[in-house]
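First up is the structure itself, then whatever we jot down about it.
Given the structure is predicted, the values throughout are model-derived calculations rather than measurements.
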Amino acid sequence: EYYKANRIAFLKYKKIFVGILIVLGLILVIGIINMTYKPAPLIIGIHDPDDTFAAEKGITMTADYFAWNKDLSVITTELQKATQQQRSFLVTIEPWPEPVGFRYKSNDDLLKAIIAGGYDQTTNDVCKILSTSQVPVYIRWGHEMELENSRYPWSHADPELYIQAYKHFVDICRTRGNSFKFVWSPAGENGLEKYWAGEKYVDVIGLSIYSFDQYDEKYIGHKRSFKEVFVPRYDRVKNYGKPILIAEMGATGTDDYKLEWIGWMMNDLHNYKRLIGFVYLNTLDPQAVWEEGLDNPDWRLPDRVLQLLF
C-alpha cells in the first residue's frame with residue numbers, strides 16, 4: 001500500500017512537472033516569435049501636387065486624382081513620377097460625365113450609362129495606361145459614394161446601380177492586367193454598407209478621415225482628434241475582413257495643431273489590426289465646397305512633420 005501510494009504521488013507530480021515544462025516551452029517559443037516577427041511597415045502616402053515632399057524616401061505611396069472625362073495623358077505623367085520615386089501609386093478615378101460640363105438628369109442616369117457600356121472605351125484607356133506600371137497600382141473608382149449632398153455626380157445614387165457600375169469598371173480593368181488592387185472607398189459614413197461591392201471585387205477598403213476645425217467647431221462643438229474621427233468609420237468596415245487604408249486624410253488649423261493631430265494619429269495607428277496605412281492630402285481643398293461660409297480648408301503640412309512620420 002505504501003509503495004502504491006508513493007507511486008501515485010510520483011505520477012501526479014510528474015504530470016505537474018511535465019505540464020510546467022510545456023508551459024515554459026510555449027512561453028519561450030512565443031517569446032522567440034515576438035522577437036523575430038516584424039509587422040509589415042505601414043504605407044505612408046501623400047497627395048502632393050506641389051511636390052513639397054517629392055524627395056522624401058520614407059514616403060511609400062503617391063496618390064492622385066483623375067477625372068476620366070479629361071486628358072488621360074496626365075495619368076501617364078503622374079505614374080512616371082511615382083515610378084521614379086519608387087512609390088506605389090494610388091489612383092482615384094472620378095467618373096465624371098462626358099463631355100466636360102455635361103450633366104445627367106440624375107446620378108442614377110450616369111451609373112446606368114456606365115453599366116450600359118457608354119464609358120467602356122474610357123475605362124479601357126485608363127486601365128491600359130495603368131497596366132504599364134512598374135510599381136504597385138491601387139485603383140480607387142467612384143469614391144465616397146454614400147455621401148449625401150456630395151460634390152460628386154455618382155454619390156448617393158441607387159446602391160444597386162452603383163454596385164453594378166463599380167463591378168463593370170473592375171471587370172473591364174481586369175482584362176488589362178491582374179496585378180491591380182481595387183480600393184472600394186466610402187467616406188465611412190452610416191449607410192456605406194448598402195454600397196458594398198462584394199469580396200471578389202474589393203482588395204482594399206479606403207476611408208476618408210478629416211478634421212476641419214471650422215466645421216468641427218460649428219457642428220461638433222470642438223476640434224476632433226484623429227481617434228474621434230477614425231474609430232466610428234473603422235468600426236463600420238472592419239468586419240468585411242479586408243485590409244483598410246486611409247485613402248485620404250487631412251487636418252486644418254495652425255501648423256502646431258496639425259503636428260499635434262498627426263502625433264495623435266501616429267501614436268494610435270498600430271491599435272487597428274486591419275489598417276495598412278494612410279495617405280495625406282497635402283494641398284488646399286481642391287474644390288472648396290465643404291460649406292458656404294466656411295473657409296477653403298488648407299490641409300498643407302509644415303516640413304517639420306517628417307520628424308513625426310519617420
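- A heavy-atom distance below 4.5 Å is found between the side chains of F53 and L306.
- Contact annotation: the side chain of W141 never approaches that of C173 to less than 4.5 Å [non-hydrogen atoms, C-beta and beyond].
- Not a single side-chain hydrogen bond (donor to acceptor under 3.5 Å, both in side chains) links T60 to another residue, sequence neighbours left out.
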Can D71 and S73 be said to form a side-chain hydrogen bond (donor to acceptor under 3.5 Å, both in side chains), step by step? CA-CA 6 Å; D71 181 8; S73 65; 2.8 Å; yes
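- Salt-bridge annotation for K200 and D171: absent, with no side-chain N of the basic residue lying under 4.0 Å from a carboxylate O of the acidic one.
- Residue pairs meeting the salt bridge (Lys or Arg N to Asp or Glu O under 4.0 Å) criterion with at least one partner in residues 215-225, sequence neighbours excluded, are D216-R224, K218-E291.
- By the side-chain contact (heavy atoms from CB on, under 4.5 Å) test, H47 is found to be paired with P49, A63, D64, Y65, L281, T283, residues two or more places apart in sequence or in another chain being considered.
- Annotation: side chain of Y119 is not in contact with side chain of F169 (no heavy-atom distance under 4.5 Å).
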Side chains of residues 237-244: which donor-acceptor partners sit under 3.5 Å, not counting sequence neighbours?
residue: K238; atom: NZ; partner: D235; partner atom: OD1; Å: 3.3
residue: K242; atom: NZ; partner: E199; partner atom: O; Å: 3.2
residue: K242; atom: NZ; partner: V202; partner atom: O; Å: 2.9

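- Ring geometry, Y152 versus W96: the interplanar angle exceeds 60°, so the pair is classed perpendicular (tilted spans 30 to 60°).
- The side-chain contact (heavy atoms from CB on, under 4.5 Å) test applied to N190 returns R236, not counting sequence neighbours.
- Within a 6.0 Å radius of CD in Q134, other residues, nucleotides and ligands contribute 12 heavy atoms or fewer.
- With sequence neighbours left out, K81 forms a salt bridge (Lys or Arg N to Asp or Glu O under 4.0 Å) with D51, E78.
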